[in-house]
2 protein chains.
Amino acid sequence: MLVRSIGEAAAHVRGRRLQLRLSQDQLAQRAGVSRKWVYEFEAGKPHAELGHLLRVLDALDLQLDVSPRSASSESAQGAVNLDEILERHRDG
Amino acid sequence: MLVRSIGEAAAHVRGRRLQLRLSQDQLAQRAGVSRKWVYEFEAGKPHAELGHLLRVLDALDLQLDVSPRSASSESAQGAVNLDEILERHRDG
DNA sequence: ATCAATTGACACCGAACGGTATCATCAGCA
DNA sequence: TGCTGATGATACCGTTCGGTGTCAATTGAT
């Protein structure tokens, strides 16, 4: 699932936690963070430590991926494919 | 690309930035963060603010995704598929 | 040789984080 | 009804972040 904001990441974490029937405390211990962090993160605190999130995702059996936003094969109309442009202009 | 640690995320950011021929300063301005943040992040500082990373990825035309770690169709030998287990045990 | 751009590095400092601890509330169950 | 577990919420407090500003070294181009 795409993650555009911390709030979206928080929703994914909470959803997965409930799916796994884990309490905030259990998740926190698994991930090695405090329950406060889990609670505040899920509650939408506007700041969050990436390292903590990675550990929590790991505890939830989730993984994080980085990918180019505009896929050349399925770009929307009018969308710009930065990778393509780069390819053409490389060694300019 | 999979992101297991902050260091890996940093590598992806730096690689993409160079690919786009952006200076740390340019990227920082695009993303609305300080050059210090970009520099320290790329240098492997063990802590990083998720919100900052999201803005930087956006400025690099990259996106972040969350996905289940063990895909049921291609799980490795001996691997446990949490989703499957959940499915079977749901409604206990 | 000179100049600008880029980068690594550091000091300073206010702001915010994150952990521990604690409390009230609510749901579920014996 | 009484008990237990989960959750939301807050205070305290040491630690660390992140921005601004600055500096030296390096690189690239003129």
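Naming: A, B, ... by sequence-line order, numbering from 1 per chain. Values in this document were obtained by computation on a predicted structure and should not be read as measured data.
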Anything under 3.5 Å between a protein N or O and an N or O of nucleotides 25-30 of chain D, put it in a table, one pair a line.
none

Return the value, rounded to whole Å, for the distance between atom [atom1] of [X] and atom [atom2] of [N].
{"X": "A/His47", "N": "C/dC17", "atom1": "NE2", "atom2": "P", "value": "5 Å"}
{"X": "A/Leu27", "N": "D/dG5", "atom1": "CG", "atom2": "P", "value": "19 Å"}
{"X": "A/Glu40", "N": "D/dT10", "atom1": "CD", "atom2": "C1'", "value": "10 Å"}
{"X": "B/Leu53", "N": "D/dG18", "atom1": "CG", "atom2": "C1'", "value": "15 Å"}
{"X": "A/Glu42", "N": "D/dA9", "atom1": "CD", "atom2": "C1'", "value": "15 Å"}
{"X": "A/Leu50", "N": "C/dC17", "atom1": "CG", "atom2": "P", "value": "15 Å"}
{"X": "A/Phe41", "N": "D/dA9", "atom1": "CZ", "atom2": "C1'", "value": "19 Å"}
{"X": "B/Lys45", "N": "D/dT16", "atom1": "NZ", "atom2": "P", "value": "12 Å"}

Nearest non-hydrogen partners of [X] and [Y], listed with the distance:
{"X": "A/Arg16", "Y": "A/Leu62", "value": "CG-CD1, 3.5 Å"}
{"X": "B/Ala10", "Y": "B/Phe41", "value": "CB-O, 3.3 Å"}
{"X": "B/Val13", "Y": "B/Leu53", "value": "CG2-CD1, 4.1 Å"}
{"X": "B/Leu2", "Y": "A/Leu64", "value": "CD1-O, 3.4 Å"}

Keeping [X] on the side-chain end and [Y] on the backbone end, is there a donor-acceptor pair under 3.5 Å?
{"X": "A/Gln26", "Y": "A/Ser23", "answer": "yes"}
{"X": "A/Arg35", "Y": "A/Ala28", "answer": "no"}
{"X": "B/Gln19", "Y": "B/Gly15", "answer": "no"}

| message | Return a single string for nucleotides 19-30 of chain C, one symbol per nucleotide in 5' to 3' order, where B is base contact, S is sugar-phosphate-only contact and - is none, cutoff 4.0 angstrom on heavy atoms. | response | BB----------
| Which value, rounded to the nearest 0.5 Å, describes the distance between A/Leu27 atom CG and A/Leu22 atom CG? |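 Rounded to the nearest 0.5 Å, the CG-CG separation comes out at 6.0 Å.
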| request: Using a heavy-atom cut-off of under 4.0 Å over every strand shown, decide if A/Glu49 touches base, sugar-phosphate, or nothing. | output: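 Counting heavy atoms under 4.0 Å across all strands, the contact made by A/Glu49 is with sugar-phosphate only.
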| message | Check the phosphate of D/dT7 against A/Arg14, side-chain N and O only, distance under 4.0 Å to OP1 or OP2. Yes or no? | response |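 Answer no for this pair, as no side-chain N or O of A/Arg14 is under 4.0 Å from OP1 or OP2.
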| Are any of A/Gln24's side-chain N or O atoms less than 4.0 Å away from OP1 or OP2 of D/dG5? |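 No.
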| message | Please pick, from C/dC17, C/dA9, D/dT10, the nucleotide with the shortest atom-to-atom distance to any side-chain atom of A/Tyr39. | response |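 Nearest to the side chain of A/Tyr39 among the choices is D/dT10.
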| task | Any salt bridge (Lys or Arg N to Asp or Glu O under 4.0 Å) involving residues 47-59 of chain B? Give me the pairs, sequence neighbours left out, ordered by first then second residue. | result |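 Salt bridge (Lys or Arg N to Asp or Glu O under 4.0 Å) check on residues 47-59 of chain B returns A/Arg69-B/Asp58.
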